[in-house]
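Residues: numbered from 1 along the sequence shown. Here the structure is a predicted model, which is why all the values come from computation and not from measurement.
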Amino acid sequence: MREIFIVLCFFLFFSESLVAEDKPNIIFILTDDQRYDMLGCTGNKLIQTPNIDKLAKEGTLFSNAHVTSAICTPSRTSILLSQFERKHGVNFNSGTSVAPEAWEKSYPVILRQNGYYTGYIGKNHTPVGNEGYESGLMEKSFDYWYAGHKHLTFYPKTRHEIFKGAKSDTQIEIIGEGVQDFLGNEHQIKEARYFLENRPGNKPFFLNICFNLPHGAGTGSMKLLESDPEIYRTLYRDLNIPLPENYIAKSDIKTHRLPESVHHFKDRQTGYNWVDSPNTVRERVIRQMQTVTGIDRLIGELRETLKANGLEKNTIIIFTSDHGLFSGEFGLGGKALCYEICTHVPFIIYNPLVKESAGGQIVDELIQTIDIAPTLLAYAGIEIPDSYQGKTLNHIIEGEITPVREYLFTENLWSTPFGNPRCDAVQNKEWKYIRYYANNNISAIEIIKMAKDMGMRSDDLLYGVHDAEIAIYRNYVEAPFHGEEPIYEELFNLKNDPNETTNIVAEANYSQILKEMRRIWKLKIAFARGKNKPQVVRYTKDSQSQFVKAE
């Protein structure tokens, strides 16, 4: 009997090991505000990114990858749920967070339910559950949690208690410590949350690594301290950093890129004022390049750790960003618009399990970051939920280059006192069509003035979302379906004008193209919206104050 028991135990262990080997490990790396052109493999001649470049050379680089919404929270929520913002309904101004039932369909939850040991390290900017960031639901959804909600800054210890025990002071290095802790499975970081005693050796793992760099606020908080690693103090400072193509200093702007009725330029957040002068632009670009090189170094260390632990041959690595960022092109700062600078991101998938001849591909197919979740689940052999709007990319990574989509849709529903217009766009490989809607937001300048007169904190008025704003946001989502017309339109020929310098929407020669793009827009916005109500819960200043009183 004892012998039978031993044989049975061996059989069960061996079977579980086979299952783990059959399912690949997956690491997903997400940067913040990283434009497409900020890697060596995407054409940047100055930046040093040898490890990411190697990842692209050994994997697949998608040269025409786009986000769905070019701002942190909706973009990251879209990635997690594989849904356009119009469907998932979560943004800074939405007054909502992801409902628990919607979160059950997120890719990390599904992976965990299907036998993956899961970890999350770095930045989370998606509110989940009945109290959003305070609900604790996001943390409990992973076996390993070493992350902070919202912004981290360059020095996360000053902002998040969970990072207090890190040996390093700088964000990338602190995240690196978490990565090594997760992979090493020795529980050396006492502040991290471990929901299992050990990472099971018979389980595949999934790890989300999310940076808050080279984000504008993150690089703005760099202090060039003596204690900072050398690359964040001196790297690139001996170079003559060129200004971005089509850069216009604030003092030289004669005509604004968009009409005042569309884009309230004067209300732009002060955190983007660095774009106004050549000197501050060069300084910020240096800092952005430094942090991307720091991230590149972490990825090199990560791959070395995988190799040292015998994991490199069964671990898929995905790398992308949540959106891009203006650096003063056309006098613009920030993001949120539907221009290529904001929506076009680097996107690399490395799968060591595919044939070697499929490595080094540069693929020009139109893909979006909502394609990440279905691709991950397909690799794990898990059924893809009907709620997902993205497409799988596995066949392309294996060398079968076929069209993914003919047109893609992007949108911005973050229309606020900071001047941003509502807009949405459709594009194929040649044409892009953008629609802008009435911008009736009160001016941030006027809000700040009134707050000062009344002795109030302006930040509470500028950033606080109250219950009434839920209805405003929902109107933003639904108005185009009830006859709201654009007040301004743009049409660009991306083949001849990839930098979107010349709006040809009014030229008679392109009237048929415009008509067709309007038709496509109507189809794509309907698909983005979906047929069901968004699965969200109330998350406003009012709901939070009620929660505090109830406690």
Open item on the list: Can a side-chain donor-acceptor contact be found between Ser321 and Asp32 if the only test is distance below 3.5 angstrom?
Closed with: no

Open item on the list: Take a 6.0 Å sphere around NZ of Lys250 and say whether it holds more than 12 heavy atoms from other residues, nucleotides or ligands.
Closed with: no

Open item on the list: Angle between ring planes, Tyr339 versus Phe492, binned at 30° and 60°: parallel, tilted or perpendicular?
Closed with: perpendicular

Task: Rounded distance [0.5 Å steps], CD1 in Ile172 versus CZ in Phe211 - done: 6.0 Å

Open item on the list: Heavy-atom count check: over 12 atoms from other residues, nucleotides or ligands less than 6.0 Å from Ile362 CD1?
Closed with: no

Task: Closest contact, heavy atoms only, Arg284 versus Gly220 - done: NH2-CA, 3.5 Å

Task: Worked check of side-chain hydrogen bond (donor to acceptor under 3.5 Å, both in side chains) between Ser261 and Tyr436 - done: CA-CA 10 Å; Ser261 59; Tyr436 298 87; over 6 Å; no

- [ ] State whether the number of non-hydrogen atoms from other residues, nucleotides or ligands found under 6.0 Å of Lys57 atom NZ is greater than 12.
- [x] no

Open item on the list: Under 6.0 Å between ring centres: does that hold for Phe409 and Phe84?
Closed with: yes

Open item on the list: Between the side chains of Arg529 and Glu85, is the shortest nitrogen-to-carboxylate-oxygen separation below 4.0 Å, so that they form an ion pair?
Closed with: no

Open item on the list: Would you compute the distance between atom CG of Asp386 and atom CG of Asn532 and round it to the nearest 0.5 angstrom?
Closed with: 10.5 Å

Open item on the list: Less than 4.0 angstrom from a charged side-chain N to a carboxylate O is my criterion; do Lys429 and Glu365 meet it?
Closed with: yes

Open item on the list: Check this for me: does any side-chain nitrogen of one of Lys355 and Glu398 sit under 4.0 Å from a carboxylate oxygen of the other?
Closed with: no

Open item on the list: Whether Arg474 engages the ring of Tyr476 as a cation-pi pair (distance to the six-membered ring centre under 6.0 angstrom, angle to the ring normal within 45°) should be assessed.
Closed with: no

Task: Main-chain N/O of Ile47 paired to Asn44 side chain as donor or acceptor, under 3.5 Å - done: yes

- [ ] Keeping the roles fixed (side chain from Thr280, backbone from Asp276), state whether a donor-acceptor pair exists under 3.5 Å.
- [x] no

TODO: Could you tell me whether a side-chain N or O of Asp228 sits under 3.5 Å from a main-chain N or O of Tyr232, the two making a donor and an acceptor?
DONE: no

- [ ] Run the salt-bridge test on Glu484 and Arg435 with the 4.0 Å N-O cut-off and return the result as yes or no.
- [x] no

Open item on the list: Under 3.5 Å, is there a donor on one side chain and an acceptor on the other for Thr343 and Thr410?
Closed with: no

Open item on the list: If we ignore hydrogens and angles and just use 3.5 Å, is the side chain of His256 paired with the main-chain N or O of Leu258 as donor and acceptor?
Closed with: no

Open item on the list: One thing to verify: whether Glu516 and Arg519 come together as a salt bridge, which I'm taking to mean a side-chain N less than 4.0 angstrom from a carboxylate O.
Closed with: yes

TODO: Taking Gln171 for its side chain and Asn212 for its backbone only, find out whether a donor-acceptor pair lies under 3.5 Å.
DONE: yes

Task: Under 3.5 Å: donor-acceptor pair, side chain of Ser106, backbone of Leu81 - done: no

Open item on the list: Check Asp322 with Arg76, please: is the shortest side-chain N to carboxylate O separation under 4.0 Å?
Closed with: yes

- [ ] For Gln368 and Gln389, test the side chains for any donor-to-acceptor distance below 3.5 angstrom and give the result as yes or no.
- [x] no

- [ ] In sequence, state the C-alpha distance, the side-chain angles, and the governing distance for His323 and Asp33, and then conclude on side-chain hydrogen bond (donor to acceptor under 3.5 Å, both in side chains).
- [x] CA-CA 5 Å; His323 48 73; Asp33 277 12; 3.2 Å; yes

- [ ] Look at Glu329 together with Arg257 and state whether they make a salt bridge at an N to O cut-off of under 4.0 Å.
- [x] no

Task: Intermediate values then yes/no, ring-ring contact (aromatic ring centres under 6.0 Å, His included), Trp521 and Tyr407 - done: CA-CA 9 Å; Trp521 165 83; Tyr407 293 90; over 10 Å; no

Open item on the list: With a 4.0 Å cut-off on N to O distance, would you call Asp371 and Arg405 a salt bridge?
Closed with: yes

Open item on the list: Measuring from atom OG of Ser387 to atom CD of Gln83, what distance do you get when rounded to the nearest 0.5 angstrom?
Closed with: 5.0 Å

Task: Sidechain N-carboxylate O distance under 4.0 Å for Glu411, Arg422 - done: no

TODO: Compute the ring centroids of His125 and Phe92, then answer whether they are less than 6.0 Å apart.
DONE: yes

Open item on the list: Before we go on, tell me: are the rings of Phe206 and Tyr107 under 6.0 Å apart, centre to centre?
Closed with: yes

- [ ] Check the side chains of His66 and Thr369 for a donor-acceptor pair under 3.5 angstrom, ignoring hydrogens and angles.
- [x] no

Task: Ring-face cation of Arg86 near Phe527 (centre distance under 6.0 Å, axis angle within 45°) - done: no

Open item on the list: Nearest 0.5 angstrom please: Asn420 CG to Leu337 CG, how far?
Closed with: 6.5 Å

Task: Full working for ring-ring contact (aromatic ring centres under 6.0 Å, His included) between Tyr463 and Phe418 - done: CA-CA 10 Å; Tyr463 295 99; Phe418 297 112; 5.3 Å; yes

Open item on the list: Could you check whether Lys432 pairs with Glu490 (Lys NZ or Arg NE/NH1/NH2 to Asp/Glu carboxylate O, under 4.0 Å)?
Closed with: no

Task: Asp296 backbone acceptor or donor facing Asn51 side chain under 3.5 Å - done: yes

Task: Test item: side-chain donor near acceptor, Thr375 and Thr392, under 3.5 Å - done: no

- [ ] Could you tell me whether Asp459 atom CG has more than 12 heavy atoms of other residues or ligands within 6.0 Å of it?
- [x] yes

Open item on the list: Strictly distance-based, threshold 3.5 Å: is any side-chain N or O of Ser82 a donor or acceptor partner for the main-chain N or O of Tyr388?
Closed with: no

- [ ] May I ask you to decide if Trp431's main-chain N or O and Asn493's side chain share a donor-acceptor pair within less than 3.5 Å?
- [x] no

